[in-house]
Amino acid sequence: MYVKGVGPQRAKHLEGKGLLTAGDLLTYAPFRYEDRSNVKPLDALAPGEMATVLATVRSAHSPRFQRRNLRLIEIVFTDERGSRLVGKWFHASWLEKVLEPGVRVALYGKVDYDTYAREITMLHPELEVLRGGEDEGEDSLHTGRIVPVYEAAGKVNTRAFRMILKGLLDRLPELSDALPDFLQKRLKLPELGLALRELHFPSSGSDVRALNAFRSPAQVRLIFEEFFWLETGMALRRGQARVEPGIAFNLTDRARQQVLKMLPFKPTAAQKRVVKEIAADMASPAPMNRMLQGDVGSGKTIVAAQAMVIAVEDGYQAAMLAPTEILAQQHYANFRRIFEPLGYRVVPLFGSMTKKEKEFAKRALATGHAQVGVGTHALIEEGVEFAHLGLAIVDEQHRFGVLQRQALQQKGVSPDVLVMTATPIPRTLALTIYGDLDVSVIDELPPGRKPIRTFHRTKAEVELIYSFVKREVDAGRQAYIVYPSIDESETLAVKAAKKAYEELSRDVFPGLRVGLLHGKLKPAEKDEVMGAFQRGEVQVLVATTVIEVGVDVPNATVMVVENAERFGLAQIHQLRGRVGRGGEQSYCILVTDRLNDTGKERIRTLVDSTDGFYIANMDLKLRGPGEFLGTKQSGLPAFRIGNLLRDSDLLELARREAVAFVENPPSPEELAEATRYIRDNWQRRYGLALVG
Ligand code: ADP
Ligand code: MG
């Protein structure tokens, strides 16, 4: 990329933010705007108003009375007319180095009048150092107008961004605007070039409030466009899925009987409803592409099993992919128990199996000898083939990427696909990430479940927590004590868990059978511990988050989460879902150090609610969508300007328009052009695989 003002040094910093091309820079939106068009001389300021001033540092003076710990810094500014203003900052000693006498600055903030000292002050104003001197001509970029404020990229600060973008926009060639004309007209959206100019340097008189709410016409156009291409891509893909012939399964009477024979309990109304939805999809010739959402413990597994029966009874194979070996093992044991009486052969495929075992399983699947395959990533590796895979199921889908889902799908010829997740996803997010999936929701827990009671305790109360655990175990129940893994690395968590395991088994619960489970154990060791816990031989399981997803031991009633402040809310909710699976009252105890306010609010959310959707929404608000799902993990597209929380209205609008456009384009040429445009420009960015 050759852009004025961007040398190799700056290019490196920009790269760190994913800004590689001129196009990337042009869509790097300011996160805030400041109205500096109305710059006032210092002697014209009125207390209470928000104002921008240009001034020069005269001195950084020590405050007259300095309270300890506050480290108040006061800096005196003057302007050409000799008037004074005092800027005050707490905890900002670094400012003294920056604001040496003679430095010119722009300040933006609320004007105050200190009646005691009789001076005009600003507390914590926004501050920008102006170069002056040879740069003076450029100051017109930074003051005297509505100025954009950018998030810095390494050493490229907001001023540098302004200059780079000014340079780019001044030499912007005629842009071809891909957004269909009729939409621009109908929705009254400004054309691309104008929108980009207004995004970075709003013309004078623009509504600053609208700008800061991201609702200026220019911003609306760019946000809409970003969502529109994504949704159009998804609509096109859905359209393709419909024309590709899939399998129309026969729903035979025998299948119904087999289901009845297999069911270990009476399904809930919600389970019945979603099974009907799935069965209807399976019976139709279009390939099923359905997501099954249900809170932890809502009973998704048995729903999956019923779908598998439909497939197998019609002569096809079914496969289930799970993210961890512990969970896959559990499914394997479960499916063997329920399917073998029906005469199905179930084979496992795990990374930890010996080569010989794997070969055996692969052959069973490739020849059709086995009807059901269950496994981890090993199941989607190259060389694994199915004789006639008809149904592909992905459990805990949020743990997999889009590509892994496709890898399983490609083991068959247009098989039906069912993905399951217990991370309830708010509607706007679901639309975006899974816009190509239909959604079924289990919104009811099996009967007899008592809501889990959740408590917040501090580390100081550890004795009480342990005696509570002991009481429950003495009453015949089991308990988990979980340590967080930090930054994906299990090492620290393993250390903490090991240490706790030693203390707990030796000193705290000498009479109880304590087990240790973490990611660094060999698969066979994991199996052994998990098996012992499942059989009730281990009473207290000290673990890292390897048990987070899916593990089902109904007799466990206590979940102690250590360092709960380090977990995401959705993750704790998942952990908590390991208990409350039987008829007994279950408990979740969140143990933390002292917390700040957000920390308290996060923990309170969990104490107050067991509703996964509510918790997911709070988590999303507190952490933002990127972190909430993990962009890479989820296949969540990284938006440049659009923000899923702020702009859900525009997302829905874009989705409606995209669907209408694809189903009913003004002309075939326009649709073809849009398809080409998406394939050339947006496919990689959104990971959308458009074929044809
Ligand atoms: P999840 O949706 O979290 O995957 P599971 O499928 O593991 O939940 O089910 C949780 C527990 O509830 C399991 O022990 C399962 O056997 C039990 N269960 C599921 N559905 C019912 C039902 N309709 N009645 C009674 N128990 C059920
Ligand atoms: Mg499950």
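Indexing begins at 1, ligand by ligand and atom by atom, following the structure's order. Residue numbers start at 1 and run along the sequence shown.
- Counted within 6.0 Å of CZ on F455, heavy atoms from surrounding residues, nucleotides or ligands total more than 12; the atom is thus considered enclosed.
- Below 4.0 Å from some heavy atom of T301 lie the following atoms of ligand 1, by number and element: 4 (O), 5 (P), 6 (O), 7 (O).
- At a heavy-atom cutoff of 4.0 Å, ligand 1 is contacted by the side chain of R581 but not by its backbone.
- Atom 3 (O) of ligand 1 has G297 N, 2.7 Å as its closest protein atom, hydrogens excluded (heavy atom only).
- In Q271, the part holding a heavy atom less than 4.0 Å from any atom of ligand 1 is the side chain.
- With hydrogens left out, the protein atom closest to atom 22 (C) of ligand 1 is F265 CD1, 3.3 Å, a heavy atom.
- Here R578 has no heavy atoms under 4.0 Å from ligand 1, in either its backbone or its side chain.
- The contact set between ligand 1 and R449, taken as ligand atoms under 4.0 Å from a residue heavy atom, comprises 10 (C), 11 (C), 12 (O), 17 (C).
- Short contacts between ligand 1 and K266, defined as distances under 4.0 Å to a heavy atom of the residue, involve ligand atoms 22 (C), 23 (N), 24 (N).
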>> Apply salt bridge (charged side-chain N to carboxylate O under 4.0 Å, His left out) to residues R290 and E277 and explain how you reach the verdict.
In response: CA-CA 9 Å; R290 186 169 283 275; E277 290 167 358; 3.7 Å; yes
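- The shortest heavy-atom contact between L349 and A378 is O-CB, 3.6 Å.
- If you look at Y344 and F335, their ring centroids are not closer than 6.0 Å.
- Within 6.0 Å of NZ on K276 lie no more than 12 heavy atoms contributed by other residues, nucleotides or ligands.
- With a heavy-atom cut-off of 4.0 Å, P267 touches ligand 1 through its backbone alone.
- Looking at ligand 1, you'll find an N or O of G299 within less than 3.5 Å of one of its N or O atoms.
- If you look at D552 next to ligand 1, the close heavy atoms, those under 4.0 Å, all belong to the side chain.
- Between atom NZ of residue K495 and atom NZ of residue K498 there is a gap of 10.0 Å, rounded to the nearest 0.5 Å.
- Per-residue contacts place T268 under 4.0 angstrom from the following atoms of ligand 1 (heavy atoms of the residue considered): 23 (N).
- Under a cut-off of 6.0 angstrom, the local environment of CZ in R449 is crowded, with over 12 non-hydrogen atoms contributed by other residues, nucleotides or ligands.
- For the pair S298 and ligand 1, a heavy-atom separation below 4.0 Å is found.
- Counting atoms of ligand 1 from 1 in the listed order, those under 4.0 Å from a heavy atom of V296 are 3 (O).
- Salt-bridge check for E385 with K411: failed, with every basic side-chain N at 4.0 Å or more from each acidic carboxylate O.
- No side-chain N or O of T252 forms a donor-acceptor pair with one of E313 less than 3.5 Å apart.
- Of the protein's heavy atoms, K300 NZ, 3.5 Å lies nearest to atom 1 (P) of ligand 1.
- For the atom pair CD of E444 and NZ of K272, the computed distance is 9.5 Å after rounding to the nearest 0.5 Å.
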